[in-house]
*Asks:* 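Shown below is the structure under consideration.
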Amino acid sequence: MTDTMSPNSLAEPREQLWRAVGDGDETRAVTLVRRLLDTAEPERTSSTTDGSAAAAQLRAAGERVLLELIAPTQERIGLAWAANDITVAQEHAATAISERCAAAVADATVPALRDAPKGRVLVACVDGEWHSLPARLVGEVLRLRGWRVDYLGAQVPTEHLVAHMHHTRTQAVLLSSSIPTLLPGAHNAINSCQAAGVPVLAGGRAFGPQGRYARLMRAEWAEDAAGAADLLDRNPAQPGAHAARLPAVDLPHLDDQEYSMVHRTKPQLVKQALADVETGFPEMRQYSAYQRERTVEDIHHIVSYLATALYVDDPDLFTGFITWTADILTARGVPARCLLPALDSLLNQLKDFPRTSAILTAAHG
Ligand code: B12
């Protein structure tokens, strides 16, 4: 392997990719990726005349470009968006370039995929999940590690996921989710696949630090694509085929009905919270229609995250979301204190529900 791909040497390519992405220069970004993979091919020696060592080296280089170049660039894009340094349109353009770069890795490494596949796996995002690039990176890495991958992309409804799983006789389902509010749906998907006897490996930010929510839902978890590949090589335990479990079997706290109640009454909770924010945060009366719409959206998200924290019984999930929202608002010149009347309103509306009150109180600080 040449110096270009040695362990510390991706720092400079990372800066180059970041600049190309920032300039919206797809050609420069893809050229960079191709150049890295070209230089990854070792000079042939007598021990590599059959090319198998060269192929292995190209696959390893492809994996590094996916996980150590494209993935961190995407994360940096997210930080820049959160800090209001780039617009939503720039973020979309940057993500499109990252997708092109991932496709370039897939194309360039085809000649290195010579052996019969180890088996067949399915990679998909849970229903409602738009963040397809993380799943795409996982799929491409598994392909480089010798698996045949059926990649279904963003927001796959559970019934279609299960039907496709049967159709392809997949050995494992890999589910990706970035947005925690989709966890109840993810739980249903996990449960439905396992009920058919197929192991599920979950991943992505939604599943929490160290995959704590994946474990609650009795799915296997890996931090990243390389971890997923290692886990698949160790043959994840086959769940016995059984009738789908009701959510409360895994999450007994759901018996108190607090999650169902908050989830069901979301429209009323949002409506009342909006009225209370208008009273408690008088600046809102001067808001434009656009600003008002964003506020309604924010309150909607607050109630959805509250419901999700109840679902997984974790106050940290809600506190983390409120802290994140406060940072996003502050970066956009909106005082974070506008969140307090919304939290007060929900506390008042839901004061008879002990788990809900504890979660809201913890976030109120
Ligand atoms: C690009 C992007 C989008 C794009 C996605 C386009 C696409 N085709 O993927 C669009 C514009 C659609 C989008 C929409 C939204 N987004 Co967005 N998005 C991002 C961004 C910038 C990058 C995501 C990404 O690709 N990350 C890079 C990958 C490589 O990292 P990763 O996700 O952690 O994945 C790695 C591991 O987690 C793991 N992994 C992932 N999946 C799996 C699966 C398995 C099986 C395994 C084993 C491992 C694994 O392996 C990956 C590779 O190492 C992130 C910021 C960020 N830091 O990630 C925000 C981010 C995820 N988005 C966010 C938000 C809030 C949203 C929206 C709600 C915004 C809005 N108000 O509309 C919507 C939600 C849409 C929806 N319902 O899904 C927040 C989530 C915050 C939170 N606490 O919930 C983030 C974190 C932004 C931020 N900095 O705050 N987004």
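Both ligands and their constituent atoms are indexed starting at 1 by order of listing.
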*Asks:* Kindly state each residue pair satisfying side chain to side chain donor-acceptor pair (under 3.5 Å) with at least one member in residues 305-329, sequence neighbours excluded.
*Replies:*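 Passing the test, one end in residues 305-329: His187-Tyr311, Arg212-Asp314, Tyr213-Asp314, Asp313-Arg355.
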
*Asks:* Taking only heavy atoms of His92, which atoms of ligand 1 are found under 4.0 Å from at least one of them?
*Replies:* 11 (C)

*Asks:* Which atoms form the tightest heavy-atom contact between Val198 and Ala172, and what is the distance?
*Replies:* CG1-CA, 3.9 Å

*Asks:* Is a salt bridge present between Arg292 and Glu278, judged by a nitrogen-to-oxygen distance below 4.0 Å?
*Replies:*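 Result for this pair is yes, salt bridge flagged.
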
*Asks:* N/O to N/O below 3.5 Å, does that happen between Leu133 and ligand 1?
*Replies:*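 Yes; at least one N/O pair falls below 3.5 Å.
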
*Asks:* Using protein heavy atoms only, decide if any is under 4.0 Å from atom 88 (C) of ligand 1.
*Replies:*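 Neighbour list for atom 88 (C) of ligand 1 includes protein heavy atoms (cut-off 4.0 Å).
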
*Asks:* Distance to 0.1 Å, residue and atom name: give those for the protein heavy atom nearest to atom 31 (P) of ligand 1.
*Replies:* Arg205 NE, 4.0 Å

*Asks:* Which of the numbered atoms in ligand 1 are under 4.0 angstrom from any heavy atom belonging to Ala228?
*Replies:*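 Result: 47 (C).
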
*Asks:* Does a salt bridge link Asp230 with Arg145, judged by any charged N lying under 4.0 Å from a carboxylate O?
*Replies:* yes

*Asks:* Could you tell me whether atom 85 (C) of ligand 1 has a protein heavy atom closer than 4.0 Å?
*Replies:* no

*Asks:* Tell me whether Phe321 reaches ligand 1 (any heavy atom closer than 4.0 angstrom to a ligand atom).
*Replies:*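 Distance cut 4.0 Å: Phe321 fails for ligand 1.
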
*Asks:* Which protein heavy atom lies closest to atom 83 (N) of ligand 1, and at what distance to 0.1 Å?
*Replies:* Tyr305 OH, 4.1 Å

*Asks:* Measuring from the heavy atoms of Glu223, does anything fall under 4.0 Å of ligand 1?
*Replies:* yes

*Asks:* Tell me whether Asp224 has any N or O atom under 3.5 angstrom from an N or O of ligand 1.
*Replies:* no

*Asks:* Only counting residues at least two apart or in another chain, list the ones meeting salt bridge (Lys or Arg N to Asp or Glu O under 4.0 Å) with Asp344.
*Replies:*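 For Asp344, no residue satisfies salt bridge (Lys or Arg N to Asp or Glu O under 4.0 Å) once neighbours in sequence are set aside.
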
*Asks:* Taking a cutoff of less than 4.0 Å between a non-hydrogen atom of the residue and any ligand atom, is Gly128 in contact with ligand 1?
*Replies:*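 A heavy atom of Gly128 does come that close to ligand 1.
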
*Asks:* Nearest to atom 40 (C) of ligand 1, what protein heavy atom do you find, and at what distance?
*Replies:* Gly204 CA, 3.4 Å

*Asks:* Which atoms of ligand 1 sit under 4.0 Å from any heavy atom of Leu201?
*Replies:* 45 (C)

*Asks:* Using heavy atoms and a threshold below 4.0 Å, how should the contact between Leu182 and ligand 1 be classified: side chain, backbone, both, or neither?
*Replies:* neither

*Asks:* Is it the case that the side chains of Gln291 and Thr295 hold a donor-acceptor pair, with the cut-off being a distance below 3.5 Å and no angle test?
*Replies:* no

*Asks:* Leu137 and Ala225: which non-hydrogen atoms are nearest, and at how many Å?
*Replies:*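 Taking every non-hydrogen atom into account, O-CB, 4.4 Å.
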
*Asks:* Is it the case that ligand 1 has an N or O less than 3.5 angstrom from some N or O of Ser177?
*Replies:*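 Checking ligand 1 against Ser177, no N or O pair falls under 3.5 Å apart.
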
*Asks:* Under the ring-ring contact (aromatic ring centres under 6.0 Å, His included) rule, what pairs show up with a residue in residues 86-136, not counting sequence neighbours?
*Replies:*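 Applying ring-ring contact (aromatic ring centres under 6.0 Å, His included) to every pair that reaches into residues 86-136, excluding sequence neighbours, yields nothing.
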
*Asks:* Does Trp18 have Arg76 sitting over its ring (NZ/CZ under 6.0 Å from centre, angle to axis within 45°)?
*Replies:*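 Geometry flag: set, cation within 6.0 Å and 45°.
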
*Asks:* Of the protein's non-hydrogen atoms, which lies at the shortest distance from atom 25 (O) of ligand 1, and what is that distance?
*Replies:*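 Here the closest protein heavy atom is Gln74 NE2, 3.2 Å.
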
*Asks:* Looking only at protein heavy atoms, which one is nearest to atom 90 (O) of ligand 1, and what is the separation?
*Replies:* Trp324 NE1, 2.5 Å

*Asks:* Of all heavy-atom pairs between Gln194 and Ala219, which one has the smallest distance, and what is that distance?
*Replies:* NE2-CA, 3.9 Å

*Asks:* Would you mind running through ligand 1 and noting each atom that sits below 4.0 Å from a heavy atom of Ser176?
*Replies:* 40 (C), 41 (N), 42 (C), 43 (C)

*Asks:* Do you know how many protein N, O or S atoms are within a distance smaller than 2.8 Å of atom 17 (Co) of ligand 1?
*Replies:*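 Considering protein N, O and S only, atom 17 (Co) of ligand 1 has 1 within range.
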
*Asks:* Considering heavy atoms of the protein only, find what lies nearest to atom 71 (N) of ligand 1 and give residue, atom and distance to 0.1 Å.
*Replies:* His301 CE1, 4.2 Å

*Asks:* Any atom of ligand 1 sitting under 4.0 Å from a heavy atom of Arg76?
*Replies:* no

*Asks:* What protein heavy atom lies closest to atom 52 (C) of ligand 1? Include the residue and the distance to one decimal.
*Replies:* Leu67 CD2, 4.1 Å

*Asks:* Considering all heavy atoms of both residues, which atom of Tyr151 and which atom of Ala135 are nearest to each other, and what is their separation?
*Replies:* CE1-C, 3.8 Å

*Asks:* Among all protein non-hydrogen atoms, which one is nearest to atom 28 (C) of ligand 1, and what is the separation to 0.1 Å?
*Replies:* Pro134 CG, 3.9 Å

*Asks:* Taking only heavy atoms of Leu137 into account, list the atoms of ligand 1 that are under 4.0 Å away from them.
*Replies:* 29 (C)

*Asks:* Regarding Arg337 and Glu283, does a basic nitrogen lie under 4.0 Å from an acidic carboxylate oxygen?
*Replies:*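 Yes, Arg337 and Glu283 are salt-bridged.
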
*Asks:* Where the closest heavy atom to atom 46 (C) of ligand 1 is concerned, which of Gly211, Ala225, Pro180, Gly203 has it?
*Replies:* Gly203

*Asks:* Can you see which heavy atom on Ile322 is nearest to which on Ala363, and at what distance?
*Replies:* CG1-CB, 4.1 Å

*Asks:* For a quick test of reading the model, state the closest non-hydrogen atom pair linking Glu129 to Ser178 and the distance between them.
*Replies:* OE1-N, 2.7 Å

*Asks:* Could you check whether atom 54 (C) of ligand 1 has a protein contact, counting only heavy atoms that fall below 4.0 angstrom?
*Replies:*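 Given the 4.0 Å cut-off, atom 54 (C) of ligand 1 does not count as touching protein heavy atoms.
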
*Asks:* Do Glu91 and Thr95 meet the criterion of a side-chain donor-acceptor pair at a distance under 3.5 Å?
*Replies:*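 Their side chains do contain a donor-acceptor pair, which is all the 3.5 Å distance test asks for.
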
*Asks:* Is Arg59 close enough and on-axis enough to Trp147, meaning under 6.0 Å and within 45°, for cation-pi?
*Replies:*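 No - Arg59 does not lie over the ring of Trp147 by the 6.0 Å and 45° rule.
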
*Asks:* Go through Ser357 and Lys351 one step at a time and tell me if the side-chain hydrogen bond (donor to acceptor under 3.5 Å, both in side chains) criterion holds.
*Replies:* CA-CA 6 Å; Ser357 302; Lys351 58 179 176 301; over 6 Å; no

*Asks:* Do any non-hydrogen protein atoms sit less than 4.0 Å from atom 11 (C) of ligand 1?
*Replies:* yes

*Asks:* For ligand 1, does Thr95 get within less than 4.0 Å through its side chain, its backbone, both, or neither, judged by non-hydrogen atoms?
*Replies:*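 Within the 4.0 Å criterion, Thr95 contacts ligand 1 through side-chain atoms alone.
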
*Asks:* Salt-bridge test for Arg215 and Glu220: reply yes if a basic N is under 4.0 Å from a carboxylate O, no otherwise.
*Replies:* no

*Asks:* Does a side-chain N-to-carboxylate-O contact under 4.0 Å join Asp233 and Lys118?
*Replies:* yes

*Asks:* Would you call Glu75 and Arg14 a salt bridge, taking side-chain N to carboxylate O under 4.0 Å as the test?
*Replies:* no

*Asks:* Does some non-hydrogen atom of the protein lie less than 4.0 angstrom from atom 14 (C) of ligand 1?
*Replies:* yes

